[in-house]
S.K.: 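Just passing along the structure, written as structure tokens.
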Amino acid sequence: MDGYMGKLLAVDLSSGEIQDELLNMEYAHQFIGGSGLAARYLYDLLDPGLEPLHPANPLLFVTGPLTGTRAPLYGRHVVCARSPLTGIWNESHAGGFVGAELRFAGYDGIIIRGRSPKPVCLWVQDGKAELRDAGHLWGKDTFETQAIVKEELGDPRVRVACIGPAGENQVLLANIIHDHARAAGRGGMGAVMGSKNLKAVAVRGHGRIPVADEERFKELARQVIEILKDDFMSDMLHETGTACAMEQLSYLGSLPSRYYTQGVFEGVETLSGGFMADTILTGTSACYGCVVGCGRKVTVSEGRYTFPEIDGPEYETICGLGTTLLIDDLAAVSWLGHLCDGYGMDTMSAGSTIGFAHYLFQEGIIGPQDTGGLTLQWGDPDTVVELLGQMAHKKGFGALLSEGSRRLGQRFGVEELAVQVKGLEVAYHDPRALSAMALVYSTSPIGASHNHSDMYWVEVGRSLEEMGIPFTDRLEDAGKGPLVARHQDWRSVTNALIVCAFNNAPAQYHADLLNAATGRQETLDSLLHIGERIWNLKRAFNHRLGLTRADDKLPQLLLQPLSEGGTQGHVPDLELMLREYYEARDWDPDTGKPSREKLLSLGLEEMAGDLWGLGQ
Ligand code: SF4
């Protein structure tokens with residue numbers, strides 16, 4: 001099938017063996033690519049009995065059939081493995097140029113198994129690959145690592161995905177950084193890389209991507225570019241970044257602050273994308289093939305935190321390291337984000353876990369005797385600088401924080417207070433203000449992620465009418481179940497394609513582009529069917545790992561009404577929503593498992609057998 005390079009690179013770090021493997025085209029047909037394809041592969045490859053950081057567990061870098069083509073905002077890749085943070089399925093999507101470069105090098109993805117006896121860098125170039133010694137890179141931060149690898153390979157256009165000290169130390173919040181500060185951020189994929197002694201993956205290619213109908217594809221891509229150039233939201237993202245709507249979100253009460261005990265942040269004006277544009281913004285950046293360019297470059301030359309141009313924070317980072325901790329100094333938040341990027345640590349989970357520690361300290365549940373003498377006060381970036389360093393190096397109190405908020409809560413007997421679902425820290429869209437997010441967080445296959453359904457956009461007016469997902473009242477709970485399920489199915493498709501969520505072109509364009517690239521004949525309905533298949537596959541994957549109905553829940557703090565702001569005291573009725581949701585999904589209300597009939601109707605016979613036994 002056109003659109004695919006037709007092969008994967010299979011690397012065994014234990015033996016040093018590297019070989020090409022033909023892409024399973026049946027899987028590509030059923031699951032498209034990206035995290036859909038990765039989930040199908042990992043279902044085969046994973047031994048559920050092994051711990052997530054066991055060397056035999058695979059780590060996958062996967063692209064989609066449009067990655068690296070001229071289709072705009074299709075330059076992404078995804079990193080997948082069993083998460084050491086949550087213990088379940090994980091997919092960590094990333095922008096930048098690595099995905100496109102991998103395809104130019106001739107591969108749809110990389111499957112990495114085993115553990116190298118010493119630190120190595122995997123170097124992939126135009127259909128060839130080798131393992132290079134990386135002993136001299138061990139201990140270096142992600143910025144130095146990228147620079148040194150490029151220098152050694154003698155080509156500044158080499159793309160380097162690497163870990164920093166956090167990944168080396170197998171910090172459970174460790175991520176993988178590439179293209180300066182782009183991140184495969186969530187779920188501890190950097191720890192998986194570190195556990196394999198894999199410091200970096202460097203990629204360079206010059207090949208062509210086969211497209212079935214070049215002329216039609218070119219014309220469709222041109223039309224999408226024109227649409228995005230005229231799109232108000234795209235303009236906003238370019239001018240003010242992903243923090244473009246912070247004031248509005250605060251007004252609605254959906255801006256988690258003071259560790260989710262406020263939905264409104266008084267200092268929001270000094271953290272917003274508009275404020276950044278007016279003060280410290282010195283440039284923008286874009287991923288491969290992107291005409292939007294939501295990335296920020298910032299420079300600060302005066303004040304407590306000064307730095308030459310660095311990558312500026314996006315919305316989730318501003319919340320994690322700003323509003324959550326009541327830090328309203330944008331320079332400080334930018335610097336904290338930069339530290340996380342250098343250490344190779346997820347800004348969202350790191351900020352949330354530090355926020356949880358602050359909350360416990362302020363509530364008197366922990367004290368200086370637990371924190372190594374540190375006083376945890378809201379609005380104190382200096383202490384956060386110290387904690388981030390401790391976390392990355394697993395030192396002092398930071399060693400506890402480096403395991404995430406669920407384990408921190410368990411350590412002090414207050415797990416129920418940690419704002420996490422299935423072990424993943426909750427993203428920064430409060431379900432008390434945007435009720436659909438209650439279902440999104442409680443049922444997402446990786447824990448409380450917003451990347452598996454950004455229904456908050458729908459609830460503030462960006463409906464998807466052509467997908468049958470209309471605008472709905474953000475404080476209404478009834479009726480959300482079927483809509484969220486449908487939205488998740490669509491996001492499963494876009495995460496398989498893989499396209500940036502900020503590509504605002506009508507959905508039909510994505511189907512048309514896929515068809516023109518591959519020669520398929522998909523409609524929106526057939527794509528939704530594939531999305532549903534992918535969603536249920538990931539659910540089956542997690543049930544095989546021990547997930548139960550009881551894991552579909554929200555943390556206690558998110559079920560307490562907020563006294564101020566736009567939530568109007570609303571608390572989502574999660575039980576009602578889950579009932580509707582299970583019914584819409586045809587999932588068993590007692591166990592949460594997809595019904596046998598549902599799995600069979602989606603062509604998931606193997607999963608039906610695994611979950612329900614043969615012939616029942
Ligand atoms: S909109 Fe932002 S995240 Fe999306 S592709 Fe463009 S630069 Fe990357």
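Read the numbers this way: they start at 1 and go in the same order the structure lists the ligands and their atoms.
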S.K.: Counting heavy atoms not belonging to Phe275, are there more than 12 under 6.0 Å from its CZ?
M.R.: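 For Phe275, atom CZ is crowded (more than 12 foreign heavy atoms under 6.0 Å).
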S.K.: Can you check the number of protein N/O/S atoms within less than 2.8 Å of atom 8 (Fe) of ligand 1?
M.R.: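 Count of protein N, O, S atoms less than 2.8 Å from atom 8 (Fe) of ligand 1: 1.
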S.K.: Using ring centroids (six-membered ring only for Trp), state whether His238 and Phe502 fall under 6.0 Å.
M.R.: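 Ring centroids of Phe502 and His238 are no less than 6.0 Å from each other.
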S.K.: I'd like to know if Arg222 and Glu219 make a salt bridge, using a cut-off of under 4.0 Å between side-chain N and carboxylate O.
M.R.: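 Salt bridge present between Arg222 and Glu219.
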S.K.: Inspect the contact between Lys7 and Asp108 and indicate whether a charged nitrogen and a carboxylate oxygen are less than 4.0 angstrom apart.
M.R.: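 Between Lys7 and Asp108 there is no salt bridge, as every charged N stays at least 4.0 Å from the carboxylate O atoms.
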S.K.: Please report whether the ring centroid of His338 lies less than 6.0 Å from that of Phe143.
M.R.: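 Yes, the ring of Phe143 comes within the 6.0 Å limit of the ring of His338, centre to centre.
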S.K.: Taking atom types as modelled, is there a side-chain donor on Asn504 or Arg462 under 3.5 Å from an acceptor on the other?
M.R.: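 Side-chain D/A pair, Asn504 to Arg462: present.
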